[in-house]
Amino acid sequence: MERNNRLVFSRSNTTMKRKFDEAISILEYSVMLVELFELEEFNNVIAGQLRLMLGETKHTRIKREKVTIDQSLIKKINPHPKLYPLKDCIQIGIDGLAHLPEEFFDYTEQRINLVAWRNQVIFKNRMEGQLHEMTIIDFIKETADKIGGAQADSRLPYKSLIAEEHTKILLMAITKGLFKSIGRDYSQHSTMNLSSIREKIEQTKAIE
């Protein structure tokens with residue numbers, strides 16, 4: 001088991017570090033609002049921030065060749081980030097029943113590089129005798145696009161694959177897996193964030 005489970009920052013600058021911290025803070029507040037206050041519209045925010053953090057790419061040409069450049073925010077902080085691997089995934093059987101794992105990620109294993117992590121299958125669904133699988137990166141990109149209102153992609157029938165309640169579960173699991181991979185204590189920061197909100201409410205009442 002790794003002794004140090006914190007993300008090592010290297011070759012970063014002040015602007016990128018601040019942007020990274022802002023994205024993590026947005027994710028923390030959004031997860032808290034969904035879990036504690038059932039404001040599920042913040043799933044939109046979570047999906048967008050996960051794409052910015054873990055799955056942002058740019059397509060360009062270098063010497064007339066098509067090249068995909070990984071612009072994920074986490075790589076701008078650490079060129080070689082590693083995250084905990086999947087332990088299990090959501091599986092929908094031919095009977096339509098869902099198997100929901102107690103824990104999605106295995107925090108006893110060594111962390112793996114970002115490319116391998118993104119290509120792990122996090123959702124399986126048997127439809128019309130065929131097995132449909134969705135990787136973490138496909139889920140992040142599709143969710144960020146679809147619940148953001150983009151046109152459906154015909155090659156991946158998103159809505160027929162993943163029910164809304166499973167989308168929420170996966171967003172929560174991936175985000176908390178990210179927190180643990182970078183050594184972020186979500187419970188501790190959630191308590192701090194709630195206290196901060198409470199203090200601001202009290203200050204506003206005092207002014208009124």
Side-chain angles (χ1 to χ4, degrees), residues 2-9 12-56 72-78 81-84 86-88 90 100-108 111 114 117 122 136 139-149 162-208:
E2 297 176 46
R3 294 182 179 181
N4 183 6
N5 68 346
R6 290 188 173 276
L7 182 70
V8 177
F9 296 106
S12 63
N13 56 48
T14 303
T15 302
M16 282 297 105
K17 178 60 166 61
R18 183 169 64 249
K19 185 68 175 177
F20 180 87
D21 290 340
E22 287 175 354
I24 289 296
S25 182
I26 291 170
L27 282 170
E28 285 178 341
Y29 273 100
S30 298
V31 170
M32 181 182 70
L33 290 172
V34 173
E35 284 194 328
L36 301 183
F37 301 100
E38 298 183 356
L39 298 176
E40 297 197 7
E41 55 267 37
F42 280 90
N43 281 325
N44 298 12
V45 179
I46 294 171
Q49 290 300 306
L50 285 178
R51 178 161 189 167
L52 172 68
M53 181 76 69
L54 301 166
E56 195 65 34
S72 302
L73 184 54
I74 196 170
K75 285 183 69 69
K76 293 180 180 180
I77 295 298
N78 179 354
K82 292 187 176 182
L83 299 95
Y84 286 111
L86 277 176
K87 183 176 183 179
D88 203 350
I90 291 181
L100 303 178
E102 293 183 7
E103 190 69 75
F104 280 85
F105 294 95
D106 193 339
Y107 303 113
T108 66
R111 290 173 295 170
L114 183 60
W117 182 86
I122 198 168
I136 292 176
F139 172 76
I140 289 175
K141 288 185 175 181
E142 291 295 321
T143 306
D145 289 344
K146 298 306 184 291
I147 66 177
I162 302 183
E164 185 175 348
E165 62 269 24
H166 296 152
T167 296
K168 173 184 173 182
I169 292 171
L170 290 174
L171 286 173
M172 296 296 110
I174 292 172
T175 306
K176 290 182 177 180
L178 170 63
F179 290 155
K180 286 196 175 184
S181 292
I182 64 173
R184 188 86 167 186
D185 189 330
Y186 168 70
S187 297
Q188 179 183 7
H189 282 270
S190 179
T191 300
M192 292 168 57
N193 293 337
L194 281 171
S195 297
S196 178
I197 292 173
R198 189 178 299 112
E199 288 176 7
K200 290 186 181 298
I201 292 174
E202 293 300 326
Q203 290 173 2
T204 302
K205 288 182 178 179
I207 294 174
E208 294 177 350

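Just so you know, these numbers come straight off a predicted model, no measurement behind them.
- Counting only distance, with no hydrogens or angles, the side chain of S25 and the backbone of D21 share no donor-acceptor pair below 3.5 Å.
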Worked check of side chain to side chain contact (heavy atoms under 4.5 Å, CB included) between E28 and R184 | CA-CA 10 Å; E28 285 178 341; R184 188 86 167 186; 2.6 Å; yes
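- More than 12 heavy atoms of other shown residues, nucleotides or ligands fall within 6.0 angstrom of atom NZ in K75.
- For the atom pair NZ (K76) and NZ (K17), the distance works out to 16.0 Å, reported to the nearest 0.5 Å.
- Qualifying side chain to side chain contact (heavy atoms under 4.5 Å, CB included) partners for A23, counting only residues two or more places apart in sequence or in other chains: Q49, M53, L73.
- Annotation for E103 and K87: closest pair O-CB, 4.0 Å, computed over non-hydrogen atoms.
- In this structure, the side chains of L100 and H166 come closer than 4.5 Å at one or more pairs of heavy atoms.
- Not one N or O on the side chain of S196 forms a donor-acceptor pair closer than 3.5 Å with the backbone of M192.
- Residues D88 and E102 form no side-chain contact, since every pair of their non-hydrogen atoms from C-beta on lies 4.5 Å or further apart.
- In this structure, F37 CZ and L194 CG are separated by 5.5 Å, a value rounded to the nearest 0.5 Å.
- Counting non-hydrogen atoms of neighbouring residues, nucleotides and ligands closer than 6.0 angstrom, the CD atom of E41 exceeds 12 such neighbours.
- Counting heavy-atom neighbours within 6.0 Å of E164 CD, excluding the residue itself, gives a total of 12 or less.
- The CG atom of L171 lies 4.0 Å from the CZ atom of F139; values are rounded to the nearest 0.5 Å.
- The shortest non-hydrogen separation linking R51 to A144 is CD-CB, 3.9 Å.
- Across all non-hydrogen atoms, the minimal contact from I46 to M172 is CD1-CE, 3.2 Å.
- Contact check on E35 versus K176 returns a salt bridge, with a Lys/Arg side-chain nitrogen under 4.0 Å from an Asp/Glu carboxylate oxygen.
- With values rounded to the nearest 0.5 angstrom, N43 atom CG is found 10.0 Å from L50 atom CG.
- Between Y84 and D106 there is no side-chain heavy-atom pair separated by less than 4.5 Å.
- Contact check for Q188 versus T191: no side-chain heavy atoms found under the 4.5 Å cut-off.
- Within the structure, ring-ring contact (aromatic ring centres under 6.0 Å, His included) pairs that include any residue of residues 168-190 comprise F179-Y186 (at least two apart or interchain).
- Using bins of under 30°, 30° to 60° and over 60° for the plane-to-plane angle, the ring pair F105/W117 lands in the parallel bin.
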Could you go step by step and tell me if L27 and L178 meet the side chain to side chain contact (heavy atoms under 4.5 Å, CB included) rule?
-> CA-CA 10 Å; L27 282 170; L178 170 63; 4.0 Å; yes
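- Taking CD1 of I136 as the start and CG of L83 as the end, the distance is 8.5 Å to the nearest 0.5 Å.
- Atom CG in L54 sits 5.0 Å away from atom CD1 in I140 (nearest 0.5 Å).
- Looking at heavy atoms from C-beta onward, F104 lies out of side-chain contact with I174 at the 4.5 angstrom threshold.
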